[in-house]
Amino acid sequence: MTEMVYGTHPVQAGEPVLPKWWRTVDRWTLTSVLLLMGVGLILGLAASPPLAERNGFEPFHYVKRQFAFTLISAVAMVGLSMTSPTTVRRLGVLGFLATFLALVLLPVFGTDFGKGAVRWYSLGFGSVQPSEFLKPCYIVATAWLMAAATEIGGPPGRLYSVIVTAVVAGFLVIQPDFGQATLLIFVWSAMYFAGGAPILVILSVVVALAGGGMLAYNTSEHFARRIDGFLSPEVDPTTQIGYATNAIREGGFFGVGVGEGSVKWSLPDAHTDFIIAVAAEEYGLVAVGLVIFLFLVLVTRSLARLMRERDPFVRLAGTGIACLVGMQAIINMGVAVRLLPAKGMTLPFVSNGGSSVVAMGIAVGMLLALTRTRPQGDIADALFQRRATHD
Amino acid sequence: MTRIPLRPLARILDARRRGQNPDAIERENRRLRHEHLRDQQRRVAESRLVVLSLLFVAGFLTIGARMAVLASTEPSEPASVAASASIAAQRADILDRKGRILATNLATNALYAQPPIMVDPDGAARALARIFPDLDAQTLAKRFKSGRKFIWIRKKLSPEQQQAVHDIGEPGLLFAPREMRLYPNGRLAAHVLGGTGFGREGVHAAELVGRAGVEKAFDGFLRDPANGGRPLQLSIDLSIQSTVRRVLDGGMRLLNARGAAAVVMDARTGEIVALASLPDFDPNDRPAPPTGGDPADSPLFNRAVQGVYELGSTFKTFTIAQALELGLVTPATEIDTKGPLRWGRFRIRDFHDLGPKLSVTDVLVKSSNIGTARIAQLIGAERQKSFLRQLGLLDPAPVELAEAPSAHPLYPSNWSEISTMTISYGHGLSTSPLHLAAAYATIVNGGHKVRPTLVLGGGRRDGERLISAETSRQLRKMLAEVVTRGTATFAQVPGYPIGGKTGTADKPNPKGGYYKDKVIATFAGAFPASDPKYVVVVTLDEPVETSGPKPRRTAGWTAVPVAAEIVRRIAPLLGVRPVIEQGGAPALTLTGN
């Protein structure tokens, strides 16, 4: 009997799960995301009834759906944030394989919903956009490859990550979805940059990107039309951008009032790609400023916490996800204010749409798991450094 | 920094000497190097992440600044940017030549149901059936419960009906704003206006699209927001149109005709002052196009424009005008009218024997087929064809009606000599009454080509000259004689001398040949006879006058009295100065005081 109890661990070795989670999680980022979700639901109240009416549903059909999706997203986020970086890595790599397969099979089983790009799987109750779920998983997988390259005698992970990125971006371009492809390349660049890329390589990537853009402009009509529309000095008030610009102007600093906006009636993508225009029109610059501030908190807080991280995988994956959220927000809002050419890109958490919200919940859940405070061996560091100097 | 080898030889040898595993030393060194690498990488990453954060801060601030700039500028367009505004753009009004409304819009509502948000489908169905007697409560309730999410119930509602539906209090019954086209004059000028229907339909608006007539021909203009709702002003005069329709309707009933058409046209500009076709319809409630039978029997059929008929002796005017113009004959030239005229297996005869010889004037006055055919022989096929083409009788009339381009005149593909002879008196060539009016206007107005138009100010004076002023004058004189001593003596209207020509053509039998007892009777005339301002064409389909011992069908007994009555009533309205007869007892005696 003695050997059965001697030396065994008590049932609860350390501190309980929830208090530990609450102590270590990045509460600023968590709060920002929850606030953004709330903003998305409130804006959905304004932006989606016209769509519901157009599609013959009762006015709050999409609001209810969005509420359900946001709930799923929040649960996924909190759940994932409790896991360890190892679990995140395993889930991410497996998820990457699954979503990549889904992406490859899109041309066979996908549907374009009459929008000119095959991006969705149509399920009975709704549709799924695999590229949304692919993004966080891709980042985790790529970070894993890049981190492996930093180990002594590790595989050439950076080269592998380049190949993976090229293949995934290629499949996205086939859809065509230039927005997501560009986003992935941006995120990969950010990770590579944070992973200690030589300056020469960074410059050559920038040049290659410019060259690829030129090539796409010359070969794809879909792409060329959007760029031309962006470069023309006159905003045609009947285009999406024209409506969005006008809506922001209508809104002014404090908005025209809740429910008083008109842009939601005229823009087909008011509830997704141009939700910020709805926010600007009905709630004014104040609301837009709040949204921007929340995204800024999310990105800078996460990056700041990752600066202390010693594990290269955690640092790279976290950087990638934080950059993904930040860049997507910048691209979405940049399009609405005509700083960037039009792309089909959702505003994370705020835009309505099941795939986007749930996938972003998963992404930030992973980010929160990665940015949790954990021992970084600081004392060991100090000792090691002291010994190194003493040698 | 000194680099520690993974297996330093001194320590390995030392460990071996002590009997320890030298691999532990390598593992330890590997771990240390790993730790060192990680620290190095973190130092690099730290600065890179600071750069990334700053880039993001810059990016978000740029967008915020841009938003602020946009928000502080004025919107470039007023709030009417909603997509529905483009659909709801008002269709412009249509006015007559004096500015009276022929077509306008009325705001109304369509009624639809959204069964998912209905509280009491059965009650709503019953209440709706009470308001709209043509709806059936059971069918309606079944449709509400069929699982559909959206059901149109009525396209147009009157305000009373809307209030009644509102009073049901059913949240699932909703109104969709609509604009409705209203033709306040009902059947007047129905064929000119045509009609409208709903095009693209949305919940918030529906397009009004022209379906026929002027509404279709000017659809683009009427819907163009760039015109700013500027109305379309037609050359139609509502009071003349009303008179013409009323007289024509009376004549049609009196003479038991199947149909009738009349055109009143300004002889100089070609502006159509009145255009009537009977039977007609109410454009507010446009009947469905017929699915079977002869489309010409439908009230939608515009006999004055779409109907092409052999218009008979009215064509003799053109033959004689051309012969005079070419100098082949003078009004006094004697023409051989001994009948019948044989040509191959054809025989041309007159209505009754007119003697061996007639002057050219009398050929027209007495309407001699033989005489006209002989004159046509002098002209020849080529010249005749080109003259008729110049008059516009061989091409669709260029009038602004949706139906006009498809109304092709019918003529033989092989214009042989016998065709020349029959066409010279109006057989073998089918044209619409509108064609005839435009050609008569050209002949009597001094010889300037006239292009028919329905738009006020759309006509051109002094068009291309087709015959000389002298020829035109001679024809006017002859046409006046037709009325004073020829086949159209019933056209004598006191104070308003008319010049014109009758035409009675047997109707072609679809089975081949011609009917013996069915005619198209036409009168084409102009007034005042000496200097015509207006051309009138009246065509009756299968008229018969039964006051005498034998039924009479010739135009002189049918179309002419109707045309005379039209002129008698519209001439004063048109402001034509009457000719005061000389020598009559003065109605007013001036005295010295």
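Order of the sequence lines fixes the chain letters, A, B, ..., with proteins taken first and strands second; residue numbering starts at 1 for each chain.
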Item to check | Verdict with supporting geometry, B:R38 and A:E151, side-chain contact (heavy atoms from CB on, under 4.5 Å) | outcome: CA-CA 9 Å; B:R38 286 195 159 193; A:E151 300 295 327; 4.1 Å; yes

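- Environment of CZ in A:F293: sparse, with no more than 12 heavy atoms of neighbouring residues, nucleotides or ligands closer than 6.0 Å.
- Enclosure of atom CG in A:L203 by more than 12 non-hydrogen atoms of other residues, nucleotides or ligands within 6.0 angstrom is indicated.
- Contact of the A:C323 side chain with the B:F56 side chain is registered, since non-hydrogen atoms from C-beta on lie closer than 4.5 Å.
- The candidate from A:L316, A:L306, A:L303 with the greatest count of non-hydrogen atom pairs under 4.5 Å with chain B is A:L303.
- At most 12 heavy atoms of other shown residues, nucleotides or ligands fall within 6.0 angstrom of atom CZ in A:F186.
- Closest heavy-atom contact between B:A45 and A:A194: CB-O, 3.6 Å.
- The OG atom of B:S53 sits 12.0 Å away from atom CZ of A:R301, with the distance rounded to the nearest 0.5 Å.
- In this structure, the portion of B:I117 lying under 4.5 Å from any heavy atom of chain A is its side chain and not its backbone.
- A donor-acceptor pair under 3.5 Å is formed between the side chain of B:R42 and the backbone N or O of A:R308.
- Nearest heavy-atom pair, B:S72 versus A:F253, reported as atom, atom and distance to 0.1 Å: CB-CZ, 3.7 Å.
- The parts of B:T62 that come within reach of chain A are both its backbone and its side chain, each placing non-hydrogen atoms under 4.5 angstrom from that chain.
- Proximity to chain B is limited to the side chain of A:V288, based on heavy atoms less than 4.5 angstrom apart.
- Both the backbone and the side chain of B:V57 come within contact range of chain A, judged by heavy atoms closer than 4.5 Å.
- Between chain B and the options A:G251, A:G334, A:A322, A:P312, the largest number of non-hydrogen pairs under 4.5 Å is found for A:P312.
- Annotation: maximal heavy-atom pairing with chain B below 4.5 Å, among A:I276, A:L296, A:T300, occurs at A:L296.
- The two residues A:M333 and B:I63 have their closest heavy-atom pair at CB-CG2, 3.8 Å.
- Looking at B:V50, both its backbone and its side chain come within 4.5 Å of chain A, counting heavy atoms on both sides.
- The contact between A:E309 and chain B is made entirely by backbone atoms, counting heavy-atom distances below 4.5 Å.
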Checklist entry - Would A:R315 and B:L49 count as a side-chain contact (heavy atoms from CB on, under 4.5 Å) if you check the C-alpha gap in whole Å, the side-chain angles of each, and the deciding distance to 0.1 Å? => result CA-CA 10 Å; A:R315 196 171 53 228; B:L49 287 178; 4.2 Å; yes

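- Counting heavy-atom neighbours within 6.0 Å of B:H166 NE2, excluding the residue itself, gives a total of 12 or less.
- You'll find the side chain of B:L37 stays beyond 4.5 Å of the side chain of A:T150, heavy atoms only.
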